[in-house]
Amino acid sequence: MRLATWNVNSVKARLPRLLEWLAEAGPDVLCLQETKCPADGFPAAEVGELGYETAAHGDGRWNGVAILSKVGLEDVTRGFPGEPGYRGESEEPTLLDDAGALPPPPPEPRAIGATCGGVRIWSLYVPNGRTPDSAHYAYKLDWFAALRTALTDELAEHPSLVATGDFNVAPTDSDVWDPAVFVGSTHVTPAERKALTDLLSVGFHDVVPKPMKGPNPFTYWDYRAGMFHKDQGMRIDLFYASTPVAERVESAYIDREARKGKGPSDHAPVVVDLS
DNA sequence: ATGTCGGCCTTGGGCCGA
């Protein structure tokens with residue numbers, strides 16, 4: 001069974017590349033992030049022509065996740081219990097609850113889970129964090145903590161569990177093209193990396209994919225300044241597999257061909273083959 | 001690194017988010 005994850009940076013803008021890639025790579029399950037479209041705007045008919053069922057989660061112009069599957073798509077869950085939302089710093093209180101407190105902000109569409117071919121799989125788009133001193137960064141860490149709790153419960157129910165997507169954290173210094181450039185930036189701070197190891201400690205294994213060229217397993221390269229061609233990238237798209245799934249991993253690779261050519265996403269797909 | 005994308009509206013240019 002072939003599983004994959006890909007931050008497509010708008011499913012509408014990427015539709016020709018997505019259809020081309022699905023036909024060529026033929027994953028059984030594809031997790032998508034940054035679809036940037038409402039659930040009812042997802043091109044389900046187009047991917048359906050290639051044999052995929054769709055479960056999408058989205059509410060507007062930002063974020064958005066989805067799962068495509070050729071091997072069944074059951075028990076779809078949008079969001080997870082305890083998932084925090086983002087409260088903007090300048091947001092004015094409108095309706096207070098009986099205790100005079102602000103109601104919690106609604107979660108953003110960043111997580112969707114489903115059972116496909118006997119594997120419980122989550123497509124995740126972790127908040128970016130922007131800068132370590134911002135409210136967005138605190139939100140990112142809160143989101144990770146809530147995710148860890150939710151996946152602990154998921155694992156108890158589903159031994160074959162995958163959590164994959166755009167984690168917006170580079171696990172180690174060798175997962176960024178130049179650690180010196182990232183000093184003081186988000187994606188590499190100790191607190192973010194601890195969020196990853198805390199998540200792994202629940203019972204996951206980091207399936208590191210093979211780069212098809214060069215030594216670096218990068219999955220993302222900024223559009224600017226020819227960074228892809230200089231291999232100035234990061235590994236931030238991760239594939240966390242529970243032990244029963246990790247034991248079935250035959251190979252894993254980064255499809256850097258999908259980052260080339262006309263109209264690519266700034267992320268490449270990560271492909272994992274299971275026995 | 002701030003060199004490019006994508007989405008949206010205040011639309012053929014500017015702003016936000018990454």
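By convention in this document, chain letters (A, B, ...) are assigned in the order of the sequence lines, proteins followed by strands, and residues within each chain are numbered from 1.
Relative ring orientation between A:Phe167 and A:Tyr240 is described as tilted, the plane-to-plane angle lying within the 30° to 60° band. Ring-plane geometry between A:Trp177 and A:Phe182 is classed as perpendicular, the angle between the planes exceeding 60 degrees on a 0 to 90 degree scale with a lower cut at 30.
Only the P atoms considered, B:dG14 is 15 Å distant from B:dG3, to the nearest whole Å. Of the P atoms belonging to B:dT11 and B:dG6, the separation is 23 Å, rounded to the nearest Å. For the C1' atoms, the distance linking B:dT10 with B:dC16 amounts to 13 Å, nearest Å. B:dG12 and B:dG7 have their C1' atoms separated by 16 Å, given to the nearest Å. When the P atom is compared between B:dG17 and B:dA1, the two are found 23 Å apart, to the nearest whole Å.
Atom-to-atom, CH2 of A:Trp177 to P of B:dT2 comes out at 10 Å; the value is rounded to the nearest Å. Counting to the nearest Å, the P atom of B:dA1 and the CE atom of A:Met234 are 13 Å from each other. Per the geometry, CD belonging to A:Gln232 stands 15 Å off P belonging to B:dT4, to the nearest Å. For A:Phe42 and B:dG7, the CZ to P distance is 14 Å, given to the nearest whole Å. Rounded to whole Å, the distance from CZ on A:Arg259 to C1' on B:dT4 is 10 Å.
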Requested in this report: Mark up nucleotides 8-18 of chain B, 5' to 3', with B wherever a protein heavy atom is under 4.0 angstrom from a base atom, S wherever such an atom reaches only the sugar-phosphate, and - elsewhere.
Outcome: S-------BSS
Would you mind writing out the side-chain donor-acceptor pairs for residues 99-114 of chain A within the sub-3.5 Å range, not counting sequence neighbours?
unit_1	atom_1	unit_2	atom_2	d
A:Glu108	OE1	A:Arg110	NE	2.8
A:Glu108	OE1	A:Arg110	NH2	3.1
A:Glu108	OE1	A:Tyr139	OH	2.6
A:Arg110	NE	A:Tyr139	OH	3.4
A:Arg110	NH1	A:Tyr125	O	3.1
A:Arg110	NH2	A:Asn63	OD1	3.2

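Partner A:Tyr137 forms a side-chain hydrogen bond (donor to acceptor under 3.5 Å, both in side chains) with one of A:Asp142, A:Thr189, A:Thr131 and no other, that one being A:Thr189.
At least one side-chain heavy atom of A:Asp255 sits under 4.5 Å from a side-chain heavy atom of A:Trp21.
Under the 4.5 Å side-chain heavy-atom criterion for ILVMFWY residues, no single connected hydrophobic cluster contains both A:Met234 and A:Val169.
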